[in-house]
Each structure stands twice: as structure tokens, then as C-alpha cells.
Amino acid sequence: MSSLADLRAAVEAASADVRADNEGGHGAAPSLERPKKEGFGDYSTNAAMLLAPVLRDQPRAIAERLGGTLTERLGGALEHYEVAGPGFLNLFLTDDWYRAAVAEVLAAGEGYGAGGASRPERMLVEFVSANPTGPLTAASGRHAAYGDALCRILAFHGHEVKREYYFNDAGTQILNLGRSIRARARGEEMPPDGYQGEYVRDLAAEIPDAAERSPEDLAAAGVERLLARIEAALERFGVHFDSWFSERRLHEGSPSAIERALSQLEQAGHVYRSDGALWLRTTTFGDDKDRVVERSTGNFTYLAADIAYHADKLARGFERLINPLGSDHHGYIARLRAVLAALGHDPDLLETPILQFVHIVEAGETTSMSKRRGDFVTLDELLDQIGVDAARWFLISRSNDTTIDLDLDLARSESNENPVYYVQYAHARIASMLAKAGDERVAGALAAETCVELHPTERTLIKRLLAFPDEVAEAAARRTPHRLAAYALELAQDFTAFYRDCRVVGAEPEELESFRIALSVATQRTIARALDLLGVAAPESM
RNA sequence: GCCCCCGUAGCUCAGUCGGAUAGAGCGGCGGCCUUCUAAGCCGCGGGUCGCAGGUUCGAAUCCUGCCGGGGGCACCA
């Protein structure tokens, strides 16, 4: 139990007490929030307004009764309460409560905010999964930043998480890459849908005897080189995958994984033959139309491979599959859900958060990136320009369903203004302060019992620290890592206000210095943790 | 035509499973370095939360319609 959980429990219990007095029914859970305005208390609840219709009484009168009950329940923690506005109950807490709260944060140590998942799940997050037909673009960087941060958050929240990259090393686009390389090697005209990028020319030069080799052969050689580059770019970005899954593998063997999956679906009666092709009846499970899995030419479609791939994921025992997808793939979701249902699983175990596009802005014009046109900014270029931390922050701090405009010139010129540095600076500042106090003094401060009066900015900072576990839980549950970026910035701002108003090292009396050192340590750890969950470094000095 | 996402300050965006007087960063203007890091701090200015209805004690948030932007509707991947 924490101070905050106690407080919430007390509000709910008091609410139940008041309701029981009048034998009321069941209501929505009362809120417990930090009001925006200072005069509205440290925490505020709408419990009375929720009870009003049930009890058929004035909200303000109910709030008054709730306040009385809470005063008894909370004892010395509640300084006083006020009934305000339409029936809010505003709670003002004592410094005792705040000091106990800081002690709890410190006692939790590195684990502060961790765990809390009501039901830990075995999760597979498949992300990026960009075809190895070119270098990784900045748009893929967004997927990498999002997927990796999400994995960090889910794992910290208590889930068992694996990261996987599924790569397409078979099929028409790959053959297309091979043909493009050969065209460059021979100085011939590019195929109509060929890859126009400069990197194809480089591949043609790197691969020995490229002009004489078959497109299939060149494709394999190209894929191998491009995959190595992709992995290197991701590692540089701080994103490491637990596994790399080859599509080609699904086609190999007899029967192949694809054939096995399709025969399973056939036995379940979900496939049929029409117009010379084999179809999956996805409409049974809510898709707009049925989908071809084996073309009349005898080749399997991409969907067929994906069926086998997802059957494989499930066979590996994952209880939750998370596939962040680009917004251009959202039409694919109904199909994928239908596949899971046809395989006999609950389609809801598959989640597909959508990431909107990253647009390139040049001279005021925006375009979306196209690998085929060779019109893109690579992740490496972005990292060269603004560095890993600024890039990760830039790509993760916005909601996944907002498009991002990337103007490389602007990004470079503004990188010094990136809020990530503000957060890192707060962390470094604390490190410097604590270094000045010395390890021994810090250890002493953490062990000290203190009973000092608090400054308002200290209370604000403590409330922010207490919000961290809920922020993590929210980011995990809603698959929204960007919330933690917003939180980290707010935490840094609250710390900076505290730093401005409250002398730490050298504060008198010693008890006061002890308390402030302890509060600084709690803040430093929490900033470091929030940054870590976003994949951003927390430097000791800047 | 059908489906998904977005529309909030000059710009980039938080806030969106209902709460009180809507926030931040950047940019603009004006101040602050003998005192724990000025990558900082303080002040000023800046808003029909796309539009119109509806539900509610209460709507940026929920519902409906419309307008604008992006994306998707393959025997491509």
C-alpha cells in the first residue's frame, strides 16, 4: 500500500459508507485527481456528484458527509477538506502525509512504479518488420522508437515481453530488388517498379560479379547486406530484437509451414477454391471480402505466409500479440483478426496500434517517404544530424496517431531546443548536487527521520512523483509510450521549480537538508526511470 | 461510395473511456549569472478546442451530421 493507494481506498470506503447509510445501488468509481488549480486542494474527488443521483440528495450535502467520514478514516493525514463548486470534495493533506509518501518512494528503490499488471501476460511485440529492400527510413525509426519504448514499459509493468522483427525475404518485391540491382550492375534501364534509390547502385558495386548473376541470386545477396545494415542502424538507435523471423522459412520444407497452416484451415472448413485460386473465407469473421491465399498461378500470397507466421507465434505460447502497423496497413487488420479467429483463437489477443506517417518537409512542401522512389530520409541520416536521444524523443513524444512532419534542416537547427535536453539537464543537475553533498551525506540523509515543514513546490514535486506508477500503468494499458515523455517533462519542470525555490545542499537546519536531499534522490531515480522507459539516456553531467 | 486516423495558441503538439478558470515546447517582447549546472529562471502577449446540433448538474472529451487534411479499400507486400 502507498499513501496514494490508501487515500484512494479511503475515498472509496467513505463513499461506500455514505451510500450504505441510504442503501444505495452501485455507482462508477469516484475520481481522485490532482486539481489544476492550487486552491482546489491537494487531491479532489467527484464522489459526491456520483452519489447524488443514487441518494437523491444535494451533491454538496453528500460531499460534506463524505468529508466527515474521511476525516475519521484518514486521521492525521488529512489537514482539512472543502466542499467546492457543484459538489467536489477537495482534500488538503498534512506534511506528515507528504513525508511518508517520499519515504515510500525511496523504499521502493529502483522498483518504484514497477509491476502492477493485474494479469501478467506473455507478449510478442512484432515491429518495424520493414522489408529488406532498402535502408531503414526515419519512418521505420518511428516504429522502432514506439515499439521498443512500448516493450520497455510493458516489461516494467510486469509482462513478459519479446521483440521480433519479421522480414520479407521472398516474393515479388524481393525479386524486384534483385532485378533492380542487376539493371544497375549492367547499366540497363530500371524495371518499371524498380527501386530507384542510390543504395541499389552501391549494392550493385559491392556484390561480386553482379552483372552476371541471376536476379534471384542478387536478391538474396542484397537482402543479406540490407538486413545487416538495418540491424546495425537499429542497434545504434538502441533497439535490440530478441528474434528475427524469416518469411522464406515458412515456404521451406514439405509440407511447409504455410501448407500445414492452410490444411488446418481447410479442415476447419474456412477455405474454398474459386476461379482457380484458393480463398480464405474471412467474411465469416467480419472482413469485407474473402481473401486469396493461393493464386491461380500456384503461388502463395503474402497473407498465406502471414497465416503461417501467426500460427507460429501462437504455437510458441504467446498470449498477446502486438503488431504496431503503419497507417497504410490499417486495412489489413480485419484480415489478420479473421485469420486468428479461423485458427481458433480469440481475435482480441491481437492488437494493432496504428502509427501515422512521417512526412518529409522540404521547402515547405510535404511528401511521404517512398522506398521505391528512393525518396526518403534514412534513420542513420536522422541520427547523424540530431543524435539518438533527440531523435528518440522527437519520434516518441507525439501520440502514435498523429502524423509527424520531419524537416531535417529544422530538426537540426532545433535539436538544441529539444525538450529531451531539459529533462536530461534536470537529471544531471541533481547528480551534480548530490556529488557536492557527498555519498556519505546522501546516505545519511536517506536514513534520517525528518519532520520539516514543506514548501509548496516540494508538495507539487512529491505529488508528481506519486503519479508515476499510474502513468506507467496508463501508458502500458493504453499502449501509449508518449505519455511518459509528457510526464518526464512535467516532472523535470516540477523539479526545476523546487530547485529554484528550495536550497538543497547547505539548507538549514540539517534536518531540512536531509529531507531535500532525499526528495532529490527520489526525483533523480524517477527521471532516470522515465527516460529509460523511453530509451533515452540519463546523463550524470551535461 | 465504404472504412480508419487527425483538426486545440503564430508554429509543433499534450490533454480525448465527462469535471472546476484548456496546458507545454518553440517562436515574439522585456528582465535575471559574486549564491547547489544560465542546456536554466521570471514577467508580458497569444484560444470561436474545425462547424452545427444533441446527451448531461457539467462537453476539447460522449452521440449525430457536415467541412477540411491524411491513409486504406489487390490473385502487391
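Every chain is numbered from 1, with letters handed out A, B, ... down the list of sequences.
In this structure a side-chain-to-backbone donor-acceptor pair under 3.5 Å is missing from A/H143 to A/L325.
Residue A/Y425 has a polar side-chain atom (N or O) positioned under 4.0 Å from OP1 or OP2 of B/A39.
In this structure, A/S399 reaches the sugar-phosphate backbone alone: every heavy-atom distance under 4.0 Å involves primed, P, OP1 or OP2 atoms, never a base. Among the atoms of the strands shown, only primed sugar atoms or phosphate atoms (P, OP1, OP2) are found under 4.0 Å from some heavy atom of A/R398. A/R503 comes within contact range of at least one nucleobase, with a heavy-atom separation under 4.0 Å. Residue contacts for A/R516: at a heavy-atom cut-off of 4.0 Å it reaches no nucleic acid atom on any strand shown. Residue contacts shown for A/S44 include a base, since a base heavy atom lies under 4.0 Å away. Nucleic acid contact class of A/D401 (heavy atoms, under 4.0 Å, all strands): sugar-phosphate only. Nucleic acid contact for A/I354: none, since no nucleic acid atom lies under 4.0 Å from a heavy atom of the residue. When heavy atoms are screened at a 4.0 angstrom cut-off, A/Q424 is found touching no nucleic acid atom at all.
Checked against ring-ring contact (aromatic ring centres under 6.0 Å, His included), A/H80 has the following partners two or more places apart in sequence or in another chain: A/F92. Residues satisfying the salt bridge (Lys or Arg N to Asp or Glu O under 4.0 Å) criterion with A/R441, sequence neighbours excluded, are A/E513. Remark: A/E224 engages no residue in a side chain to side chain contact (heavy atoms under 4.5 Å, CB included) (not counting sequence neighbours). Every ring-ring contact (aromatic ring centres under 6.0 Å, His included) that A/F127 has, sequence neighbours left out, goes to A/F241. Looking at residues two or more places apart in sequence or on another chain, you find no salt bridge (Lys or Arg N to Asp or Glu O under 4.0 Å) involving A/R503. Not counting sequence neighbours, A/E471 has no partner by the salt bridge (Lys or Arg N to Asp or Glu O under 4.0 Å) test. In terms of the salt bridge (Lys or Arg N to Asp or Glu O under 4.0 Å) criterion, A/D275 has no residue partners (sequence neighbours excluded).
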Just list the side-chain donor-acceptor pairs under 3.5 Å for residues 302-309 of chain A, sequence neighbours left out, or say none.
{"from": "A/D306", "atom 1": "OD2", "to": "A/Y332", "atom 2": "OH", "distance (Å)": "2.9"}
{"from": "A/Y309", "atom 1": "OH", "to": "A/E164", "atom 2": "OE2", "distance (Å)": "2.6"}

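For the pair A/R142 and A/Y146, the cation-pi test (distance below 6.0 Å, angle within 45°) is failed.
Closest to the side chain of A/Y422, from the set B/C41, B/C75, B/A77, is B/C41. Set against B/C41, B/G71, B/G19, the side chain of A/R500 has B/C41 as its closest nucleotide. With B/C75, B/A14, B/G27 as the candidates, the nucleotide lying closest to the side chain of A/A277 is B/C75. With distances taken from any side-chain atom of A/N46 to the nucleotides B/G19, B/A77, B/A74, the minimum falls on B/G19. The side chain of A/S327 lies closest to B/G71 when the candidates are B/C75, B/U37, B/G71. Of the candidates B/A20, B/A24, B/C36, B/A24 carries the atom nearest the A/Q493 side chain, counting heavy atoms from C-beta on. The side chain of A/P35 has B/A20 as its nearest neighbour among B/G19, B/A20, B/A14. Across B/A38, B/A39, B/C75, the shortest atom-to-atom separation from the side chain of A/Y499 is found for B/A38.
Salt bridge annotation for A/R337-A/D348: present, with a cationic side-chain nitrogen under 4.0 angstrom from a carboxylate oxygen.
Under a cut-off of 6.0 angstrom, the local environment of CD in A/E216 is crowded, with over 12 non-hydrogen atoms contributed by other residues, nucleotides or ligands.
RNA chain B lies under 4.0 Å from no heavy atom of any residue of residues 140-147 of chain A. For RNA chain B, none of the residues of residues 387-396 of chain A falls under the heavy-atom distance limit of 4.0 Å. Within residues 470-483 of chain A, the residues approached by RNA chain B to less than 4.0 Å at the level of any non-hydrogen atom are A/R478, A/H482, A/R483, in residue-number order.
The same atom, C1', is picked in B/U12 and in B/A59; the two are 26 Å apart, to the nearest Å. Nucleotides B/G25 and B/U64, compared at atom P, are 36 Å apart to the nearest Å.
Looking only at side-chain heavy atoms (C-beta outward), A/F495 and A/H427 stay at 4.5 Å or farther from each other.
A donor atom on one side chain and an acceptor atom on the other are not found under 3.5 Å apart for A/Y422 and A/Q493.
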request  = Whenever both distances are under 3.5 Å in a Watson-Crick or G-U wobble pair, mark it; put RNA chain B into dot-bracket that way, with [ ] for crossing pairs and | when the partner is on another strand.
outcome  = (((((((..((((.....[...)))).(((((.......))))).....(((((..]....))))))))))))....
